[in-house]
Each structure stands twice: as C-alpha cells, then as structure tokens.
Amino acid sequence: MQLTDTLTTHFRLVEAQKSALARLGIHTIRDLLYHLPSRYDHGGSEGVVSGLLPGQEVTIVGSLKKLEAKKGWKSRIPLTEGWLEDATGKIKVRWFNQPYIAKMYGEGALVRATGKVTGSTDKVYLANPQLQKVSVTETGFFKENPTEDFFAIYPESRGVSSLWFRSALKKVFAALREVADPIPADLLKKYNLPTLKTALIWAHQPKNLKDAEAARKRFAFEEVFYIQLERGAIRRATEREKSFVVNADVADFVDAFPFAPTAAQKKAVATILKDMSSGHPMSRLLEGDVGSGKTAVAAAASYATVITKPEGQNFGTLQVAYMAPTEILAKQHFESFIQFFDTHPINIGLITGSGCYKFPSKVNKDKYTSISRAQLLKWVANGEIPILIGTHALIQKAVKFKHLALVVIDEQHRFGTNQRRALAKKDNRLPHLLSMTATPIPRTLALTIYGDLDLTLLDEMPPGRKRVITEIVKPTDRPAAYAHMHEQLKEGRQAYVICPRIDEPDPDKAFALQAKSVKEEAQRLKKEIFPKYEIEILHSKMTPKAKDDIMARFAAHEIDILVATSVVEVGVNVPNATMIFIEGAERFGLSQLHQLRGRVVRSTHQAYCFVAPESKGESTMARLKALVTAKNGFELAEQDLLQRGPGELAGRKQWGISDVGMEAIKNLKLVEAARTEALALVQKDEYFKAHPLLQKTLTARAAHTHFE
Ligand code: ADP
Ligand code: MG
C-alpha cells in the first residue's frame with residue numbers, strides 16, 4: 001500500500017461513501033491518514049439508559065437484545081436494530097449499513113456501547129454505537145480489550161461514519177510499512193515530536209490522551225513549519241528580484257491633504273518610500289483598524305510612483321494598479337484618489353465588471369466620465385493612465401500596463417508572486433506590493449500566514465474621532481434603542497441594520513429559532529418602527545449594479561436606513577451613517593462585529609453601535625461585553641481565538657490552514673519555534689537540495705494551494 005494510492009484500490013466503496021469522501025477532500029491513502037479526528041471518546045463518562053436525551057454522546061454498559069438485520073422502511077438501506085438494556089431500562093439501538101452486527105453478538109451479549117442519542121424525545125435510539133465486549137468479574141465490569149480505551153471521532157459527512165474511518169484506518173495501518181518523514185530528525189528530537197508514522201498511529205489509534213496530544217502537536221508544528229518554509233522561500237526569492245527604483249519626495253503631496261497625517265501614517269509612508277527606493281521589490285502588509293487612514297498612505301505611495309520616470313527615460317511615468325475586493329470599494333477608492341490628487345492632477349482610471357471610467361472628463365475637468373473598456377485598456381497600455389483602480393477585472397489578461405511599478409491590494413489576504421508577475425507581464429522587474437488589511441488577526445497567525453511579507457501597523461486613529469458608543473440590547477432594551485435611533489434620524493443621521501441572513505431559511509436551524517433576515521426585517525422596520533423613513537436593503541445576491549445604486553443612494557442620503565447582511569463589512573464609507581444595529585450578534589465573531597462597527601467610525605458625529613443577541617446566555621453576554629471594553633481590533637481577535645477557537649477568525653477560509661494548523665495558532669511558542677526553524681533551514685538550503693523529501697512535500701502542497 002502506497003500513500004499515493006487512491007482509496008478505491010484498497011476499499012470497496014458504495015456511491016454514498018465515495019461522494020462523502022470526495023466532499024471531505026479524501027481521495028488517497030495519504031488524504032485518509034491526514035483526515036485527523038476532531039476529538040476522542042473514552043469510556044470514562046458512562047451513563048445509564050434512563051433519562052437519556054437526544055443529542056447526548058453516551059457510553060452505556062448493558063446487554064444486547066433481539067438484534068435483527070433488516071432493510072430501511074423507505075430507504076432500503078441495510079440496517080441492524082435491537083435493544084440495549086441495563087438495570088435502569090432499555091433503549092433502541094440502530095446501525096446503518098452494518099447488517100453483520102446481528103451475527104457478531106449473541107442474544108444478551110454484554111457490551112459497552114458508545115454512540116449518539118438520536119431522534120425525538122419520545123422516540124430516541126442510539127445511532128451507530130461503537131461496541132466493545134465486556135466480561136463480568138467480582139470487581140465489576142472489565143474491558144476485554146483495554147487498548148481500545150480511546151477511540152477517534154472524525155469530522156463526518158453524511159455517508160461515512162467515524163466507525164468507517166476507524167476500521168478503514170485499521171486496515172491501512174496493518175498494510176503500511178515505512179512512512180518516510182519529511183521533517184528532519186534533529187528537529188523532531190529537539191522539540192520532542194513523534195515521527196510521522198508514530199504520530200499517525202497516535203492520532204488515529206491512541207492508547208491514551210497523552211499520545212493523541214503529542215501527535216496533534218506534531219501535526220500542528222508540521223503545518224506551520226511547511227507554511228513557513230513556503231513563505232520563507234518566496235521571501236528569499238522575491239528579495240533577489242529587481243524592481244523599479246522609486247526615489248521621490250512626497251512632502252508637498254502629503255501637506256496638501258485635507259488633514260494632518262497621524263504619526264503612524266507618516267512612519268508608514270517613510271517605510272514604504274525606503275522599501276521602494278532599494279531596487280528590490282517591496283512586499284509589505286499595512287495592517288490598520290478600520291478608519292485608521294490606509295487609503296491616504298496608499299495615495300502617497302502611488303504619488304511617489306507616478307512622479308517617477310521610467311529608468312533611462314525623461315518622459316512618461318511609472319504606473320500603479322490598485323485592487324479592491326468589491327465594486328463599491330473600487331469606486332470609493334477611485335473617488336478618494338481623485339480628491340487626494342486634487343492639487344496634483346493626473347489621469348486615473350477605474351475598471352470593474354460593470355463599467356470603466358476615467359478622470360478627468362474631457363468636457364469637465366472636475367468630473368470623471370464613463371469610457372469604453374477598449375479605450376481605457378489602450379490608455380493603460382500606452383501609459384497615459386498612470387493609476388488604474390479596479391476590482392478583479394484589473395488582473396484579467398487583457399489589462400496590460402506599460403511600466404507597472406506598484407500594486408496596491410486592499411483586503412486581499414493572499415496575493416501570490418505569480419499574480420504579481422502576471423500583472424507586470426513583459427517587464428522582467430517585479431512591481432512593488434503594498435497589501436492592506438483592516439482584518440485584525442492574532443500575532444501568531446500573522447507570523448504564520450504573512451511569513452513572506454514585512455509588516456507595518458497603523459496603530460493610531462486620526463484625532464477627533466469619538467469612540468463609538470456600543471450598547472448590548474436585551475429584548476427589554478429594544479424600545480429605548482429604537483427611540484434613540486429615532487432621535488438621531490431626526491437630526492439627519494443615517495443607520496445600518498445588519499441581519500445574519502438574506503431570506504432563505506437556514507437549513508441547520510429547521511426547528512430552532514431562525515435568525516432575522518434582511519428582507520423580513522426591512523419590512524418590519526418600515527411597518528412598525530420607522531414608517532417615516534426611507535428603508536432599503538443590500539445583500540450579496542443582488543447584482544453589482546443594484547448594489548452600487550443602493551450604495552450611491554445611501555451615500556447621497558436618499559436612503560435613511562440600510563438593512564444589510566455583512567456585505568457592508570469591508571471598507572464602505574458613508575460618514576453621515578452614525579448608527580449600526582446588529583441583529584443576531586452572537587452569530588458573528590467579535591472581530592467581525594468590530595469590523596461592522598467600523599462602518600460608523602467615519603465621522604466626527606458621535607456614533608452608536610447597538611448589538612442585539614438572540615439569546616441572553618451568560619457566556620454570550622460576557623463575550624459581547626468585550627466589544628464595549630476592548631481597546632482595538634487586535635485585542636478582539638485574540639479573544640476570538642481564545643474563546644471561540646480559531647474557526648471564528650474572520651477571513652480564515654482564505655488562508656488555507658487546516659483545523660490542526662489553526663489549533664497551533666493558539667500556541668505562540670510552537671509557532672515561533674516552527675518559524676525560527678523554517679527560516680534557518682531556508683537560509684541554509686533555499687531550494688531544499690539537502691532535503692528532497694521536504695521539497696517533494698512542499699511541491700505537492702503548492703499544487704493544492706489556490707491563490708484567490
Ligand atoms: P481605512 O484605514 O479604513 O481604509 P480610510 O483610508 O478610508 O481608512 O480613512 C478613513 C477616513 O479618515 C477617510 O475619510 C479619510 O479621509 C480620513 N482620514 C485619514 N487619515 C486622516 C487623518 N490623519 N486625520 C483625519 N482624517 C483622516
Ligand atoms: Mg480602506
């Protein structure tokens with residue numbers, strides 16, 4: 001058996017299993033081995049039959065009665081049914097797709113059964129319980145096979161159960177000989193980590209929890225180590241590339257801003273200018289809370305670029321590409337750039353899926369005008385438009401620059417060297433990269449995923465900003481909150497109302513409380529709460545054009561209240577909107593709530609954030625209180641990480657890190673160790689010539705990594 005063998009060479013799989021495994025991304029033996037358990041069950045928490053409730057995971061010692069193999073009533077699935085009886089009563093037991101169980105256990109066989117109580121309260125049964133035979137001695141029950149004390153519970157998908165994984169892995173381990181370990185042996189020794197093969201066995205079939213933990217620690221280290229090696233190698237390769245030398249003075253430009261830059265902004269600009277003057281490509285991430293003024297920094301860097309002439313030429317200018325995640329934002333950046341370049345007029349283009357624009361218009365020098373895509377592309381290609389702002393439309397093949405020297409990326413966590421190179425096209429020089437994000441992430445995570453970038457923090461807010469007053473709205477506080485909003489609306493302010501869903505029912509919550517929906521809530525507010533005001537909706541299922549129209553009308557104050565999903569999360573800027581009311585708040589992570597609240601820090605008016613949870617559990621309240629007390633987004637991100645776990649961090653899907661890897665992020669020591677070792681290795685052996693197995697592993701990983 002080889003790690004690269006597909007599962008079907010060794011397992012006979014029914015269609016349901018095949019599609020379930022495909023959904024989990026499991027195709028090969030290696031995939032199966034790396035499908036790590038989400039947790040372990042052990043025989044410790046034994047229960048009794050009486051009083052069981054649906055949803056409980058229990059272990060019960062009892063005897064099996066009347067086991068019978070049959071077919072599902074409608075589904076025709078083979079199943080085994082019977083009863084498990086202990087001194088307190090009996091409960092139905094049921095196994096799907098395991099008709100052989102009835103033959104394995106005789107009437108009255110004494111077992112430990114572990115499974116999930118399933119069904120409705122009056123008709124519960126134990127689903128797919130794991131069985132162990134037990135024998136009776138004078139001292140009580142004894143497990144027949146003490147090595148199976150712990151068993152793995154897997155992230156399941158309809159069609160493959162934990163039981164299936166356990167038996168499949170048993171077969172794999174029986175057939176698997178050597179598993180070569182890509183991690184150098186001296187590192188394993190230094191950090192006391194098990195070898196790959198041992199770790200796999202310990203993860204899937206642990207004898208005790210300590211082994212299971214040691215295994216997980218190894219996989220966590222491994223993942224961070226691999227990521228660091230990849231990023232470290234990219235970093236070294238990038239540092240050697242040539243780039244455009246930008247050596248410019250931006251003092252006049254910055255002095256002409258309608259505000260005095262903060263010290264943090266000045267420092268960021270200075271750092272960026274230094275990077276861009278070195279002749280090698282800058283790779284910098286500018287991380288700053290919403291409203292910290294990243295656009296102005298990007299404008300200064302752009303200005304330095306466009307007043308620089310291409311090398312050996314006394315005409316023309318270097319060019320800037322500025323990419324935003326949405327059309328709304330691209331348009332907004334376009335408009336702020338027009339403002340920033342007010343005193344230093346220059347051609348600026350905007351390219352999005354739904355249209356192209358150019359500033360200034362021929363007929364009116366203060367306005368921009370719609371132009372054809374072909375015309376815009378022509379002017380970009382011949383260098384007449386030095387700054388091009390846009391959405392993903394910006395990185396299409398047809399877009400060619402003459403001398404692209406700076407790429408600015410807003411809220412895009414991964415932007416690969418290849419994309420950067422593709423943008424530069426024929427030039428053999430790599431453009432400078434300034435990546436910007438308002439997503440505050442914990443330091444351990446930043447160290448991991450941004451291993452190829454230099455980091456600059458904008459850790460200071462422009463002066464005069466009032467702190468957003470944040471209130472947690474319990475059901476009884478609602479009238480007061482609405483009264484307050486009425487007052488502010490009357491003063492001429494505007495509001496966002498955020499709901500967790502658009503309108504479709506939430507399938508996971510068929511019987512439970514449904515979160516508020518944008519469409520219903522907008523109707524309710526119009527009818528019952530704010531009948532006098534103009535209310536509109538905004539969500540991701542609308543066309544870009546419809547979204548733009550709504551945003552434009554909101555910005556022009558033709559709309560008073562915008563009921564939206566979290567699409568307004570990133571970067572939208574309407575200074576007169578000073579209130580945000582967030583429904584179903586516990587469904588969002590703290591850092592996401594903080595991002596949403598960031599929508600109303602744009603103005604010098606006092607802003608308000610109302611946070612309304614659906615439930616009023618103690619822990620929900622305690623968690624939301626952090627929003628009131630935390631000093632900044634980074635603090636909240638750390639809290640998200642510790643309280644809710646890494647899965648809750650905003651943006652995690654973009655990072656391509658597994659659950660185990662994200663667990664590692666909680667552990668600063670481990671992340672730092674993996675980082676130090678990876679950087680040391682890259683210094684010594686950049687192309688992994690002395691570590692062929694590592695090189696192979698990294699190549700295989702790269703094939704699975706998709707930059708967005
Ligand atoms: P973000 O970092 O979230 O992208 P923006 O660049 O959109 O923030 O800036 C938010 C607002 O603050 C804008 O209206 C901008 O003009 C303003 N601003 C930026 N820097 C300063 C400053 N130093 N003083 C006052 N206002 C500023
Ligand atoms: Mg921004």
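Order of appearance sets the numbers: ligands from 1, and atoms from 1 within every ligand.
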With a cut-off of 4.0 Å, which atoms of ligand 1 are near a heavy atom of [X]?
X	result
T295	4 (O), 5 (P), 6 (O), 7 (O)
T262	23 (N)
G291	1 (P), 2 (O), 3 (O), 8 (O), 10 (C)
P261	23 (N)

Report the part of [X] (side chain from C-beta onward, or backbone N, CA, C, O) that has a heavy atom under 4.0 Å from ligand 1; answer both or neither where that applies.
X	result
Q265	side chain
A260	backbone
S292	both

Could D289 and R597 be called an ion pair, given the rule that one side-chain N must be under 4.0 Å from one carboxylate O? no

[X]/[Y] aromatic ring centres below 6.0 Å:
X	Y	answer
F530	Y482	yes
Y496	F554	yes
F253	F341	yes
Y322	F337	yes

Test side-chain hydrogen bond (donor to acceptor under 3.5 Å, both in side chains) applied to T456 and R284, E287, K267, the passing residue: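 So the option named by the test is R284.
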
Give a yes/no on ligand 1: does G288 have at least one heavy atom closer than 4.0 angstrom to it?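 Contact absent.
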
Can you name the salt bridge (charged side-chain N to carboxylate O under 4.0 Å, His left out) partners of E384, sequence neighbours left out?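 E384 satisfies salt bridge (charged side-chain N to carboxylate O under 4.0 Å, His left out) with no other residue.
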
Under 3.5 Å between some N or O of ligand 1 and some N or O of P463?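 In fact, backbone or side chain, P463 has no N or O that close.
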
